[in-house]
Participant: 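The structure is given below, and queries will be raised subsequently.
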Amino acid sequence: MAKVKTTFFCQNCGTQYAKWQGQCNACKEWNTIVEEVIQKPEKSDWKSPTSPTKRTSVPLRINEIDNSKEARLDTFDGEFNRVLGGGIVPGSLTLLGGEPGIGKSTLLLQISLKLPYKTLYVSGEESQKQIKMRAERINPENNNCYILTETKTQNIFKQIEALEPDIVIIDSIQTLHSDYIESSSGSISQIKECTTELIKFAKETATPVLLIGHITKDGNIAGPKILEHMVDTVLQFEGDRNHVFRILRAHKNRFGSTNELGIYEMQGSGLREVSNPSEILISKKDEELSGNAIAATLEGMRPLMIEVQALVSTAVYGTPQRSATGFNAKRLNMLLAVLEKRAGFRLGAKDVFLNITGGINVDDPAIDLAVVASILSSNEDVALQKDICFAAEVGLSGEIRPVQRVEQRILEAEKLGFSTIFVSKYNKISLKKTVIKVQLISKIEDLVTELI
(Lines give C-alpha, C1' and ligand atoms only; values in the text may rest on other atoms or scores of the structure.)
Protein backbone atom coordinates (compact mmCIF):
# COMPACT_ATOMS: atom_id res chain seq x y z
CA MET A 1 0.00 0.00 0.00
CA ALA A 2 1.47 3.32 -1.07
CA LYS A 3 1.84 6.04 1.50
CA VAL A 4 -1.12 8.43 1.62
CA LYS A 5 -0.09 11.84 0.33
CA THR A 6 -2.00 15.05 0.93
CA THR A 7 -1.67 18.58 -0.34
CA PHE A 8 -3.56 21.85 0.03
CA PHE A 9 -5.64 23.55 -2.66
CA CYS A 10 -7.33 26.94 -2.85
CA GLN A 11 -11.04 26.33 -3.51
CA ASN A 12 -11.33 29.66 -5.29
CA CYS A 13 -8.48 29.57 -7.84
CA GLY A 14 -7.03 26.05 -7.54
CA THR A 15 -3.50 27.08 -6.47
CA GLN A 16 -1.61 24.24 -4.74
CA TYR A 17 0.33 24.67 -1.46
CA ALA A 18 2.59 22.37 0.52
CA LYS A 19 1.03 23.40 3.83
CA TRP A 20 -2.04 25.24 5.07
CA GLN A 21 -2.12 29.03 5.29
CA GLY A 22 -4.88 31.53 5.95
CA GLN A 23 -4.72 33.59 2.75
CA CYS A 24 -4.18 32.44 -0.83
CA ASN A 25 -1.19 34.24 -2.37
CA ALA A 26 -2.69 34.03 -5.89
CA CYS A 27 -6.28 35.29 -5.48
CA LYS A 28 -5.89 36.96 -2.04
CA GLU A 29 -8.98 35.21 -0.66
CA TRP A 30 -9.09 34.17 3.02
CA ASN A 31 -9.94 30.71 4.42
CA THR A 32 -10.28 29.04 1.01
CA ILE A 33 -7.38 26.57 1.36
CA VAL A 34 -8.39 22.98 2.13
CA GLU A 35 -6.47 19.71 2.49
CA GLU A 36 -7.07 16.93 -0.02
CA VAL A 37 -5.72 13.43 -0.55
CA ILE A 38 -3.77 13.07 -3.78
CA GLN A 39 -2.55 9.46 -3.53
CA LYS A 40 -2.78 7.73 -6.90
CA PRO A 41 -2.47 4.01 -7.67
CA GLU A 42 -0.82 2.79 -10.84
CA LYS A 43 -2.70 4.57 -13.55
CA SER A 44 -3.80 2.70 -16.67
CA ASP A 45 -4.99 4.51 -19.77
CA TRP A 46 -8.67 4.55 -20.59
CA LYS A 47 -7.78 2.45 -23.64
CA SER A 48 -5.02 -0.06 -24.28
CA PRO A 49 -1.83 1.31 -25.83
CA THR A 50 -2.43 -0.77 -28.95
CA SER A 51 -5.83 0.80 -29.60
CA PRO A 52 -6.19 1.76 -33.30
CA THR A 53 -8.04 4.97 -32.39
CA LYS A 54 -5.12 6.37 -30.43
CA ARG A 55 -3.24 9.03 -32.41
CA THR A 56 0.31 10.20 -31.92
CA SER A 57 1.39 13.74 -32.73
CA VAL A 58 4.54 14.71 -34.64
CA PRO A 59 5.97 18.21 -35.09
CA LEU A 60 5.13 19.93 -38.39
CA ARG A 61 6.33 23.13 -40.02
CA ILE A 62 3.67 25.80 -39.67
CA ASN A 63 3.28 26.07 -43.46
CA GLU A 64 2.74 22.29 -43.68
CA ILE A 65 -0.25 22.31 -41.34
CA ASP A 66 -3.58 21.75 -43.06
CA ASN A 67 -5.69 24.83 -42.35
CA SER A 68 -8.80 23.66 -44.18
CA LYS A 69 -11.97 24.26 -42.21
CA GLU A 70 -12.84 21.27 -40.03
CA ALA A 71 -16.32 19.90 -40.49
CA ARG A 72 -18.58 20.64 -37.52
CA LEU A 73 -21.40 18.48 -36.21
CA ASP A 74 -24.77 20.16 -36.70
CA THR A 75 -26.81 20.17 -33.48
CA PHE A 76 -30.07 20.92 -35.37
CA ASP A 77 -30.55 23.80 -32.92
CA GLY A 78 -30.05 27.15 -34.62
CA GLU A 79 -29.41 29.11 -31.40
CA PHE A 80 -26.90 26.56 -30.04
CA ASN A 81 -25.10 26.45 -33.40
CA ARG A 82 -24.89 30.25 -33.48
CA VAL A 83 -23.27 30.48 -30.04
CA LEU A 84 -20.77 27.69 -30.79
CA GLY A 85 -19.84 29.29 -34.12
CA GLY A 86 -21.56 26.88 -36.51
CA GLY A 87 -21.80 23.56 -34.64
CA ILE A 88 -19.82 21.21 -32.41
CA VAL A 89 -16.15 20.73 -33.31
CA PRO A 90 -15.01 17.07 -33.20
CA GLY A 91 -12.74 16.41 -30.24
CA SER A 92 -13.81 19.55 -28.39
CA LEU A 93 -14.76 19.85 -24.72
CA THR A 94 -17.64 22.23 -23.97
CA LEU A 95 -18.64 23.30 -20.44
CA LEU A 96 -22.19 24.58 -19.81
CA GLY A 97 -22.91 26.42 -16.52
CA GLY A 98 -25.98 28.06 -15.05
CA GLU A 99 -28.26 28.50 -12.03
CA PRO A 100 -30.00 25.43 -10.57
CA GLY A 101 -33.27 24.74 -12.39
CA ILE A 102 -32.53 27.16 -15.23
CA GLY A 103 -32.71 24.38 -17.86
CA LYS A 104 -29.13 23.15 -18.47
CA SER A 105 -30.05 19.44 -18.44
CA THR A 106 -33.19 20.11 -20.46
CA LEU A 107 -31.21 21.97 -23.12
CA LEU A 108 -28.57 19.25 -23.60
CA LEU A 109 -31.11 16.41 -23.41
CA GLN A 110 -33.23 18.22 -25.99
CA ILE A 111 -30.23 18.59 -28.29
CA SER A 112 -29.22 14.94 -27.81
CA LEU A 113 -32.75 13.85 -28.79
CA LYS A 114 -32.57 15.91 -31.99
CA LEU A 115 -29.22 14.54 -33.14
CA PRO A 116 -29.06 11.83 -35.82
CA TYR A 117 -25.69 10.73 -34.35
CA LYS A 118 -25.21 8.09 -31.67
CA THR A 119 -25.25 10.07 -28.40
CA LEU A 120 -24.40 8.88 -24.89
CA TYR A 121 -26.03 10.94 -22.12
CA VAL A 122 -24.31 10.19 -18.80
CA SER A 123 -26.16 11.39 -15.70
CA GLY A 124 -24.84 11.30 -12.17
CA GLU A 125 -27.79 13.20 -10.73
CA GLU A 126 -30.96 11.56 -12.11
CA SER A 127 -32.15 8.03 -12.68
CA GLN A 128 -32.87 6.63 -16.13
CA LYS A 129 -36.63 6.74 -15.42
CA GLN A 130 -36.49 10.44 -14.53
CA ILE A 131 -34.64 11.23 -17.75
CA LYS A 132 -37.09 9.09 -19.73
CA MET A 133 -40.06 11.05 -18.31
CA ARG A 134 -38.47 14.35 -19.36
CA ALA A 135 -37.50 12.97 -22.78
CA GLU A 136 -41.12 11.96 -23.48
CA ARG A 137 -42.20 15.57 -22.95
CA ILE A 138 -39.52 16.88 -25.31
CA ASN A 139 -39.21 14.33 -28.11
CA PRO A 140 -40.58 10.83 -27.52
CA GLU A 141 -39.33 9.45 -30.86
CA ASN A 142 -35.57 9.01 -30.85
CA ASN A 143 -33.49 5.86 -31.18
CA ASN A 144 -30.00 7.42 -31.22
CA CYS A 145 -29.78 8.60 -27.61
CA TYR A 146 -28.42 6.22 -24.95
CA ILE A 147 -28.84 6.99 -21.23
CA LEU A 148 -26.28 5.89 -18.64
CA THR A 149 -26.47 6.61 -14.90
CA GLU A 150 -22.92 6.33 -13.58
CA THR A 151 -20.46 8.47 -11.64
CA LYS A 152 -17.18 6.51 -11.83
CA THR A 153 -15.11 7.54 -14.85
CA GLN A 154 -13.54 4.08 -15.28
CA ASN A 155 -17.01 2.51 -15.72
CA ILE A 156 -18.08 5.30 -18.05
CA PHE A 157 -15.09 4.71 -20.32
CA LYS A 158 -15.86 0.97 -20.43
CA GLN A 159 -19.36 1.74 -21.69
CA ILE A 160 -17.99 4.30 -24.16
CA GLU A 161 -15.56 1.70 -25.52
CA ALA A 162 -18.41 -0.78 -26.02
CA LEU A 163 -20.91 1.72 -27.47
CA GLU A 164 -18.52 3.99 -29.48
CA PRO A 165 -20.82 7.07 -29.42
CA ASP A 166 -20.38 10.11 -31.69
CA ILE A 167 -21.09 12.59 -28.85
CA VAL A 168 -20.81 12.23 -25.06
CA ILE A 169 -22.80 14.41 -22.61
CA ILE A 170 -21.87 14.46 -18.90
CA ASP A 171 -24.40 15.72 -16.33
CA SER A 172 -22.56 16.92 -14.33
CA ILE A 173 -18.77 17.11 -13.95
CA GLN A 174 -19.11 17.73 -10.18
CA THR A 175 -20.75 14.31 -9.67
CA LEU A 176 -17.96 12.27 -11.32
CA HIS A 177 -15.15 10.63 -9.40
CA SER A 178 -12.07 8.67 -10.40
CA ASP A 179 -10.41 5.77 -8.59
CA TYR A 180 -7.06 7.47 -9.09
CA ILE A 181 -7.93 10.20 -6.55
CA GLU A 182 -9.02 9.37 -2.99
CA SER A 183 -11.24 12.36 -2.33
CA SER A 184 -14.97 12.99 -2.57
CA SER A 185 -16.85 13.92 -5.74
CA GLY A 186 -16.87 17.64 -6.46
CA SER A 187 -13.53 18.31 -4.79
CA ILE A 188 -10.89 20.28 -6.66
CA SER A 189 -8.60 17.31 -7.27
CA GLN A 190 -11.50 15.09 -8.47
CA ILE A 191 -12.79 17.73 -10.89
CA LYS A 192 -9.30 18.26 -12.33
CA GLU A 193 -8.62 14.52 -12.66
CA CYS A 194 -11.99 13.68 -14.25
CA THR A 195 -11.74 16.60 -16.67
CA THR A 196 -8.20 15.58 -17.64
CA GLU A 197 -9.37 12.03 -18.42
CA LEU A 198 -12.26 13.36 -20.53
CA ILE A 199 -9.96 15.75 -22.41
CA LYS A 200 -7.56 12.89 -23.19
CA PHE A 201 -10.45 10.76 -24.44
CA ALA A 202 -11.91 13.60 -26.57
CA LYS A 203 -8.61 14.56 -28.21
CA GLU A 204 -7.49 11.00 -28.94
CA THR A 205 -10.79 9.84 -30.44
CA ALA A 206 -12.06 13.16 -31.93
CA THR A 207 -15.29 12.63 -29.97
CA PRO A 208 -16.88 15.87 -28.69
CA VAL A 209 -17.77 15.95 -25.00
CA LEU A 210 -20.35 18.32 -23.46
CA LEU A 211 -20.13 18.91 -19.70
CA ILE A 212 -22.68 20.46 -17.36
CA GLY A 213 -21.13 22.39 -14.47
CA HIS A 214 -22.60 23.67 -11.21
CA ILE A 215 -22.12 27.31 -10.22
CA THR A 216 -21.43 28.99 -6.90
CA LYS A 217 -23.60 31.62 -5.21
CA ASP A 218 -21.45 34.29 -6.92
CA GLY A 219 -22.41 32.94 -10.34
CA ASN A 220 -19.00 31.41 -11.10
CA ILE A 221 -18.60 27.81 -12.21
CA ALA A 222 -17.90 25.65 -9.16
CA GLY A 223 -14.46 24.12 -8.83
CA PRO A 224 -11.03 25.46 -9.65
CA LYS A 225 -10.66 28.25 -12.21
CA ILE A 226 -8.32 25.95 -14.10
CA LEU A 227 -11.40 23.95 -15.17
CA GLU A 228 -12.44 26.81 -17.46
CA HIS A 229 -8.89 27.01 -18.84
CA MET A 230 -8.80 23.27 -19.60
CA VAL A 231 -11.98 23.12 -21.72
CA ASP A 232 -12.33 24.53 -25.23
CA THR A 233 -15.64 26.35 -24.78
CA VAL A 234 -17.41 27.79 -21.74
CA LEU A 235 -21.12 28.52 -22.13
CA GLN A 236 -23.35 30.26 -19.60
CA PHE A 237 -27.11 29.66 -19.49
CA GLU A 238 -28.77 32.71 -17.95
CA GLY A 239 -32.25 33.90 -17.19
CA ASP A 240 -34.73 34.84 -14.48
CA ARG A 241 -36.77 31.90 -13.22
CA ASN A 242 -39.78 34.25 -13.05
CA HIS A 243 -39.56 34.89 -16.81
CA VAL A 244 -39.78 32.41 -19.66
CA PHE A 245 -36.72 33.64 -21.57
CA ARG A 246 -33.29 32.03 -21.33
CA ILE A 247 -30.08 33.44 -22.83
CA LEU A 248 -27.12 31.29 -23.85
CA ARG A 249 -23.76 33.11 -23.98
CA ALA A 250 -20.20 32.00 -24.75
CA HIS A 251 -17.67 33.25 -22.20
CA LYS A 252 -14.84 31.41 -23.95
CA ASN A 253 -14.72 29.83 -27.41
CA ARG A 254 -11.56 28.53 -29.05
CA PHE A 255 -13.43 27.82 -32.29
CA GLY A 256 -15.53 30.95 -32.77
CA SER A 257 -16.68 34.32 -31.49
CA THR A 258 -17.81 35.02 -27.93
CA ASN A 259 -20.07 37.85 -29.13
CA GLU A 260 -22.99 35.66 -30.23
CA LEU A 261 -25.91 34.71 -28.02
CA GLY A 262 -28.87 32.38 -28.29
CA ILE A 263 -32.35 33.04 -26.91
CA TYR A 264 -34.81 30.37 -25.81
CA GLU A 265 -38.33 30.37 -24.40
CA MET A 266 -39.08 27.85 -21.65
CA GLN A 267 -42.25 25.89 -22.34
CA GLY A 268 -43.85 22.76 -20.96
CA SER A 269 -42.48 20.74 -23.88
CA GLY A 270 -38.92 22.04 -23.46
CA LEU A 271 -36.97 25.03 -24.71
CA ARG A 272 -38.19 26.73 -27.88
CA GLU A 273 -35.71 28.58 -30.07
CA VAL A 274 -36.53 32.28 -30.42
CA SER A 275 -35.35 33.21 -33.91
CA ASN A 276 -36.78 36.75 -33.77
CA PRO A 277 -36.61 37.95 -30.14
CA SER A 278 -37.54 41.54 -31.05
CA GLU A 279 -41.18 40.63 -31.65
CA ILE A 280 -41.41 39.02 -28.20
CA LEU A 281 -39.61 41.80 -26.32
CA ILE A 282 -41.91 44.48 -27.79
CA SER A 283 -45.39 44.61 -26.29
CA LYS A 284 -48.38 44.19 -28.58
CA LYS A 285 -50.66 47.18 -27.92
CA ASP A 286 -53.79 48.31 -29.74
CA GLU A 287 -53.49 51.88 -28.45
CA GLU A 288 -50.55 54.22 -28.05
CA LEU A 289 -49.51 54.93 -24.46
CA SER A 290 -47.18 57.57 -23.10
CA GLY A 291 -43.83 56.59 -21.61
CA ASN A 292 -43.01 53.84 -24.12
CA ALA A 293 -40.09 53.99 -26.58
CA ILE A 294 -38.36 51.39 -28.74
CA ALA A 295 -34.55 51.11 -28.76
CA ALA A 296 -32.37 49.35 -31.34
CA THR A 297 -29.70 47.58 -29.28
CA LEU A 298 -27.07 44.92 -29.86
CA GLU A 299 -26.47 41.80 -27.76
CA GLY A 300 -23.08 40.63 -28.95
CA MET A 301 -23.38 40.61 -32.73
CA ARG A 302 -27.16 40.28 -32.72
CA PRO A 303 -29.45 43.31 -33.18
CA LEU A 304 -32.53 43.45 -30.94
CA MET A 305 -35.45 45.85 -30.67
CA ILE A 306 -36.42 46.32 -27.01
CA GLU A 307 -39.11 48.35 -25.32
CA VAL A 308 -38.20 50.98 -22.72
CA GLN A 309 -40.96 52.05 -20.32
CA ALA A 310 -40.80 55.14 -18.11
CA LEU A 311 -43.16 56.58 -15.52
CA VAL A 312 -42.70 60.16 -14.31
CA SER A 313 -44.94 61.37 -11.49
CA THR A 314 -44.94 64.01 -8.76
CA ALA A 315 -43.02 62.95 -5.65
CA VAL A 316 -45.51 62.37 -2.84
CA TYR A 317 -43.16 62.43 0.13
CA GLY A 318 -40.90 65.25 -0.99
CA THR A 319 -37.87 63.06 -1.72
CA PRO A 320 -38.06 61.86 -5.35
CA GLN A 321 -37.46 58.19 -6.09
CA ARG A 322 -35.22 56.90 -8.87
CA SER A 323 -35.73 53.26 -9.80
CA ALA A 324 -34.46 51.32 -12.82
CA THR A 325 -35.09 47.67 -13.74
CA GLY A 326 -32.76 46.22 -16.37
CA PHE A 327 -30.85 49.51 -16.70
CA ASN A 328 -28.00 51.14 -14.76
CA ALA A 329 -29.54 53.41 -12.09
CA LYS A 330 -26.51 55.73 -12.06
CA ARG A 331 -26.78 56.22 -15.80
CA LEU A 332 -30.48 57.02 -15.37
CA ASN A 333 -29.57 59.77 -12.87
CA MET A 334 -27.03 61.14 -15.36
CA LEU A 335 -29.61 61.30 -18.16
CA LEU A 336 -32.11 63.04 -15.86
CA ALA A 337 -29.45 65.64 -14.99
CA VAL A 338 -28.76 66.21 -18.71
CA LEU A 339 -32.50 66.68 -19.38
CA GLU A 340 -32.77 69.21 -16.57
CA LYS A 341 -29.63 71.14 -17.43
CA ARG A 342 -29.72 71.09 -21.26
CA ALA A 343 -33.42 70.82 -22.09
CA GLY A 344 -34.92 72.78 -19.17
CA PHE A 345 -37.21 70.06 -17.79
CA ARG A 346 -37.76 70.26 -14.04
CA LEU A 347 -37.49 66.63 -12.97
CA GLY A 348 -35.77 67.17 -9.62
CA ALA A 349 -39.06 66.99 -7.70
CA LYS A 350 -40.53 64.04 -9.59
CA ASP A 351 -40.38 60.27 -9.19
CA VAL A 352 -38.89 58.48 -12.19
CA PHE A 353 -39.31 54.73 -12.73
CA LEU A 354 -37.69 52.95 -15.67
CA ASN A 355 -38.19 49.40 -16.89
CA ILE A 356 -36.72 47.31 -19.73
CA THR A 357 -39.44 44.86 -20.73
CA GLY A 358 -38.86 41.13 -21.00
CA GLY A 359 -36.76 40.86 -17.83
CA ILE A 360 -33.43 41.44 -19.60
CA ASN A 361 -30.52 43.65 -18.51
CA VAL A 362 -29.05 46.03 -21.07
CA ASP A 363 -25.77 47.92 -20.80
CA ASP A 364 -25.60 49.14 -24.41
CA PRO A 365 -25.18 52.98 -24.39
CA ALA A 366 -27.21 53.13 -27.62
CA ILE A 367 -30.46 52.92 -25.65
CA ASP A 368 -29.78 56.30 -23.97
CA LEU A 369 -31.87 58.14 -26.55
CA ALA A 370 -34.81 55.76 -26.10
CA VAL A 371 -34.61 56.23 -22.31
CA VAL A 372 -34.69 60.01 -22.73
CA ALA A 373 -37.58 59.78 -25.21
CA SER A 374 -39.64 57.58 -22.87
CA ILE A 375 -39.04 59.95 -19.93
CA LEU A 376 -40.07 62.97 -22.03
CA SER A 377 -43.15 61.11 -23.28
CA SER A 378 -44.27 60.22 -19.74
CA ASN A 379 -43.48 63.67 -18.34
CA GLU A 380 -45.53 65.45 -21.02
CA ASP A 381 -48.09 62.61 -21.22
CA VAL A 382 -47.67 62.49 -24.99
CA ALA A 383 -47.60 59.07 -26.64
CA LEU A 384 -44.84 58.39 -29.15
CA GLN A 385 -45.72 56.87 -32.50
CA LYS A 386 -45.46 53.07 -32.53
CA ASP A 387 -43.36 53.00 -35.71
CA ILE A 388 -40.39 55.09 -34.52
CA CYS A 389 -37.28 53.85 -32.70
CA PHE A 390 -33.99 55.20 -31.36
CA ALA A 391 -30.30 54.27 -31.47
CA ALA A 392 -27.86 56.82 -30.04
CA GLU A 393 -25.84 57.66 -26.95
CA VAL A 394 -26.42 60.88 -24.98
CA GLY A 395 -23.40 62.84 -23.74
CA LEU A 396 -23.12 65.05 -20.67
CA SER A 397 -23.28 68.23 -22.71
CA GLY A 398 -26.52 67.09 -24.35
CA GLU A 399 -24.93 66.01 -27.63
CA ILE A 400 -26.22 62.93 -29.45
CA ARG A 401 -23.22 60.66 -29.89
CA PRO A 402 -22.75 57.97 -32.58
CA VAL A 403 -22.85 54.25 -31.75
CA GLN A 404 -21.18 51.24 -33.32
CA ARG A 405 -22.75 49.14 -36.10
CA VAL A 406 -25.57 51.59 -36.61
CA GLU A 407 -26.33 50.21 -40.08
CA GLN A 408 -27.07 46.80 -38.59
CA ARG A 409 -29.54 48.44 -36.21
CA ILE A 410 -31.19 50.38 -39.03
CA LEU A 411 -31.68 47.24 -41.13
CA GLU A 412 -33.18 45.37 -38.17
CA ALA A 413 -35.64 48.23 -37.53
CA GLU A 414 -36.56 48.28 -41.23
CA LYS A 415 -37.10 44.52 -41.25
CA LEU A 416 -39.56 44.81 -38.35
CA GLY A 417 -41.61 47.51 -40.07
CA PHE A 418 -40.48 50.72 -38.32
CA SER A 419 -40.86 53.89 -40.41
CA THR A 420 -38.37 56.20 -38.64
CA ILE A 421 -35.21 55.72 -36.61
CA PHE A 422 -33.45 58.53 -34.71
CA VAL A 423 -29.65 58.33 -34.82
CA SER A 424 -26.72 60.72 -34.35
CA LYS A 425 -25.86 62.85 -37.36
CA TYR A 426 -22.21 62.07 -36.65
CA ASN A 427 -22.69 58.42 -37.61
CA LYS A 428 -21.21 57.48 -40.96
CA ILE A 429 -24.05 55.72 -42.79
CA SER A 430 -23.45 54.25 -46.25
CA LEU A 431 -26.87 52.61 -46.71
CA LYS A 432 -28.65 53.56 -49.93
CA LYS A 433 -32.37 53.44 -50.76
CA THR A 434 -33.65 52.32 -47.38
CA VAL A 435 -37.40 52.23 -46.84
CA ILE A 436 -37.02 53.42 -43.24
CA LYS A 437 -36.46 57.15 -42.70
CA VAL A 438 -33.18 57.85 -40.90
CA GLN A 439 -33.66 60.99 -38.77
CA LEU A 440 -30.31 62.61 -37.96
CA ILE A 441 -30.08 64.74 -34.79
CA SER A 442 -27.10 66.32 -33.04
CA LYS A 443 -28.46 67.73 -29.73
CA ILE A 444 -31.00 66.67 -27.17
CA GLU A 445 -32.95 69.87 -27.98
CA ASP A 446 -33.51 68.47 -31.51
CA LEU A 447 -35.16 65.39 -30.02
CA VAL A 448 -37.47 67.52 -27.88
CA THR A 449 -38.45 69.56 -30.94
CA GLU A 450 -39.20 66.45 -33.02
CA LEU A 451 -41.20 64.61 -30.37
CA ILE A 452 -43.10 67.29 -28.45
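The basis for the numbers below is simple: all heavy atoms, side chains too, and nothing from hydrogens, waters or symmetry mates.
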Participant: Would a distance-only check, ignoring hydrogens and angles, find a side-chain to backbone donor-acceptor pair under 3.5 Å from Thr7 to Ala18?
Facilitator: no
Participant: Could you list the residues that satisfy salt bridge (Lys or Arg N to Asp or Glu O under 4.0 Å) with Lys132, not counting sequence neighbours?
Facilitator: Glu136
Participant: Does Asp351 reach the main-chain N or O of Ser313 with its side chain, forming a donor-acceptor pair under 3.5 Å?
Facilitator: no
Participant: Tell me whether Asn427 contacts the main-chain N or O of Ile429 through its side chain, where contact means a donor paired with an acceptor under 3.5 Å.
Facilitator: no
Participant: If I take atom CG from residue Asn31 and atom CH2 from residue Trp20, how far apart are they, to the nearest 0.5 angstrom?
Facilitator: 6.0 Å
Participant: Looking only at side-chain N and O atoms, does Gln309 offer a donor or acceptor that is under 3.5 Å from a partner on Ser374?
Facilitator: no
Participant: Among side-chain atoms of Tyr121 and Asp171, is any donor-acceptor pair under 3.5 angstrom?
Facilitator: yes
Participant: Using the ring centroid of each side chain, check whether Phe201 and Phe157 are separated by less than 6.0 Å.
Facilitator: yes
Participant: So, Glu399 side chain and Arg401 main chain: donor-acceptor pair closer than 3.5 Å or not?
Facilitator: no
Participant: Could you tell me whether the side chain of Gln154 and the main chain of Asp179 form a donor-acceptor pair under 3.5 Å?
Facilitator: yes
Participant: Is it true that the side chains of Thr153 and His177 contain a donor and an acceptor less than 3.5 Å apart?
Facilitator: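 No pair is found: no donor N or O on one side chain lies under 3.5 Å from an acceptor on the other.
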Participant: Could you give the distance from CG (Asp368) to CD (Glu393), rounded to the nearest 0.5 Å?
Facilitator: 5.5 Å
Participant: Counting distance only, does the side-chain N/O of Tyr117 pair as donor-acceptor with the main-chain N or O of Leu73 below 3.5 Å?
Facilitator: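 Checked: no pair found.
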Participant: Between the main-chain N or O of Val89 and the side-chain N or O of Ser92, is there a donor-acceptor pair closer than 3.5 Å?
Facilitator: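 Side chain of Ser92 to backbone of Val89, a donor-acceptor pair under 3.5 Å: yes, one is there.
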Participant: Using modelled atom types and a 3.5 Å cut-off, is there a donor and acceptor pairing between side-chain atoms of Ser123 and backbone atoms of Glu126?
Facilitator: yes
Participant: Run the salt bridge (Lys or Arg N to Asp or Glu O under 4.0 Å) test on Arg302 and Glu299 for me, step by step, so that the C-alpha distance in whole Å, both residues' side-chain angles and the decisive distance to 0.1 Å come before the verdict.
Facilitator: CA-CA 5 Å; Arg302 191 173 188 177; Glu299 276 287 345; over 6 Å; no
Participant: Backbone N or O of Tyr264 within a donor-acceptor pair of the Glu273 side chain at under 3.5 Å?
Facilitator: no
Participant: On a heavy-atom basis, which atom in Thr175 and which in Ser185 lie closest, and how many Å separate them?
Facilitator: O-OG, 3.6 Å
Participant: OG1 of Thr195 to CD of Glu228: how many Å apart, nearest 0.5 Å?
Facilitator: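 Reported value, rounded in 0.5 Å steps: 11.0 Å.
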Participant: Can you check whether Arg249's main-chain N or O pairs, donor with acceptor, with Glu260's side chain at less than 3.5 Å?
Facilitator: no
